[in-house]
**Q** 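Right, I'll just put the structure down here and ask away after.
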Number of protein chains: 2
Amino acid sequence: MQKARHESIICTVDVVLLTLHEGALHVVLLKRDREPFNGALALPGGYIHQQEDQSAWDAAARVLREKTGITAPYLEQLATFAGPGRDPRGWSVSIAYYALVPVSILPTDRPQIVMRPVERLPSLPFDHKSIVDSAVGRVRTKSQYSSLPVYLCGERFTLPQLQAVYEAVLGEPINKVSFRRKLEELAMLEPIEGAMESGGAHRPAQLYRLRKEYRRSLSVVDRGLNPRS
Amino acid sequence: MQKARHESIICTVDVVLLTLHEGALHVVLLKRDREPFNGALALPGGYIHQQEDQSAWDAAARVLREKTGITAPYLEQLATFAGPGRDPRGWSVSIAYYALVPVSILPTDRPQIVMRPVERLPSLPFDHKSIVDSAVGRVRTKSQYSSLPVYLCGERFTLPQLQAVYEAVLGEPINKVSFRRKLEELAMLEPIEGAMESGGAHRPAQLYRLRKEYRRSLSVVDRGLNPRS
DNA sequence: TGAATAGTGTCTTTGAGACAATATTGC
DNA sequence: GCAATATTGTCTCAAAGACACTATTCA
């Protein structure tokens, strides 16, 4: 029925780290410092370490931390990419994760870490282009019915800022009234005492933050054939 | 940054094969014929075969075919389960898939293949309970906004039958008019010339089938914060 | 005061559910 | 015709979008 032995398969995790920069989704890429594809820009990734990692999520978080210094963002499994041709070293499995962070927490002092707009990706090694495209699709879909984009904002943000983030991710304008009604319904934000203004010659906007119970999770709206009943 | 060597990790695929039986979702389980957990009921699964499999999907389809005889159902990647504790043999990765089939195509002549309702699962080895629960959750969620449940029907079905399938999967009644409006909108069904009646003393229902372009894919309804614009 | 953007009220449109009328079959 | 279920029409209700009005700040 099946072979008793299994030849060793290359087992890795890759992380699609997304952020918003100049109003557009960007993916964080690293210049590789080893073969294969030494010197090429690629997703942060690495082998699973059986001694350290208690799960694939742990491995992804560790790889992200080791390669970019980023800790504990929103990090979720995307899909697994596997096959004989995606890595020149042989049959390989990559468990892909995606993460969202505000651009402000990205390290700026490491030239090997760069950001590229997801709409104009450079050529990428392995099947990393498919992985990025898949992550972007997932983020767009999930943003339609959840609070996912808040993880692209910093800790404090105004509703107009958050709406701009949603619009950048979804690539289309959103009705302001509906947007605020929906956020009200999701009940995951709380106002902070103290408004911001900076923009200047206009009414300042209320600052909000995620309520504690949503700091690391999502709020999802009901939807479907029959959300009622 | 990372170890140059990677010890061999156990790489498998598992398939959550779901069907509808007596109005309830059931998962197909196999009596294991080898260690570990010899004799226990478990998901059909097996090693990736580097020589044969061109992808993880291929491996899942092969495993399903070899273990149950079922070919080419709706088969989609679910998620990957990995860690040091889920398999007594060591750090393991299982790329899980789920499949939907009409109960009529299940083999009935093999006693090692059984069906269990997903609401009353027997105890399962490995983390197969988590995998099944995850698949059931995915199917329920996806059924809310897509045509997924049609793959639980045979090739020909009436709208009342299909509605009953949706209701069984979602676990709640659906408004008949809305249901038909939604199917109309999805535009994936076509009537077959010829009605069925069997039930007897009442008006017969029109038989439908999937339109060719949807035979192996899904139709998904728009949804979200701003489906318009 | 005027420009600019934040925040809110409300009318309109759209889509889903309720309900019921009509259609068709076997007895 | 009667029972039973399929199919369709239409009214009602709720959510989403459009639009505009008010609020607040700085120059």
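Throughout, protein chains are lettered first and strands after them, A, B, ... in sequence-line order, and every chain is numbered starting at 1.
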**Q** Round to the nearest Å and state the distance from A/Tyr166 atom OH to D/dA16 atom P.
**A** 13 Å

**Q** Round to the nearest Å and state the distance from B/Gln163 atom CD to D/dT8 atom P.
**A** 13 Å

**Q** Looking at A/Lys182 and A/Glu185, is there a salt bridge between them, counting it only when a charged N and a carboxylate O are closer than 4.0 Å?
**A** yes

**Q** Could you tell me the separation between the CD atom of B/Glu167 and the P atom of C/dG17, rounded to a whole number of Å?
**A** 12 Å

**Q** To the nearest 0.5 Å, what is the distance between NE2 (B/His128) and CG (B/Leu41)?
**A** 11.5 Å

**Q** Round to the nearest Å and state the distance from A/Lys182 atom NZ to D/dA14 atom P.
**A** 15 Å

**Q** Which of these nucleotides, D/dT24, D/dC26, C/dT5, is closest to any side-chain atom of A/His202?
**A** C/dT5

**Q** Which whole-number value in Å describes the distance from B/Leu183 CG to C/dA16 P?
**A** 12 Å

**Q** Suppose we call a contact any N or O donor and acceptor under 3.5 Å apart; does that hold for the side chain of A/Asn175 and the base of D/dA18?
**A** yes

**Q** Working to the nearest 0.5 angstrom, can you tell me the gap between A/Ser104 OG and A/Leu20 CG?
**A** 11.5 Å

**Q** Nearest-Å distance, CD (A/Gln161) to C1' (C/dG7)?
**A** 15 Å

**Q** Please list all pairs meeting salt bridge (Lys or Arg N to Asp or Glu O under 4.0 Å) that have one or both residues in residues 144-170 of chain B, counting only residues at least two apart or in different chains.
**A** none

**Q** Do we see a donor-acceptor contact under 3.5 Å between the side chains of A/Asn175 and A/Ser178?
**A** yes

**Q** Would you list the protein and nucleotides 8-13 of chain C atom pairs, both N or O, that sit under 3.5 Å from each other?
**A**
none

**Q** May I ask you to say whether A/Arg62 pairs ionically with A/Asp58, meaning some side-chain N is under 4.0 Å from a carboxylate O?
**A** no

**Q** Which nucleotide in the list D/dA6, C/dG17, C/dG7 gets nearest to the side chain of B/Ser178?
**A** C/dG17

**Q** If you check the A/Ala205 side chain, which of C/dG7, D/dA16, D/dA6 turns out closest?
**A** C/dG7

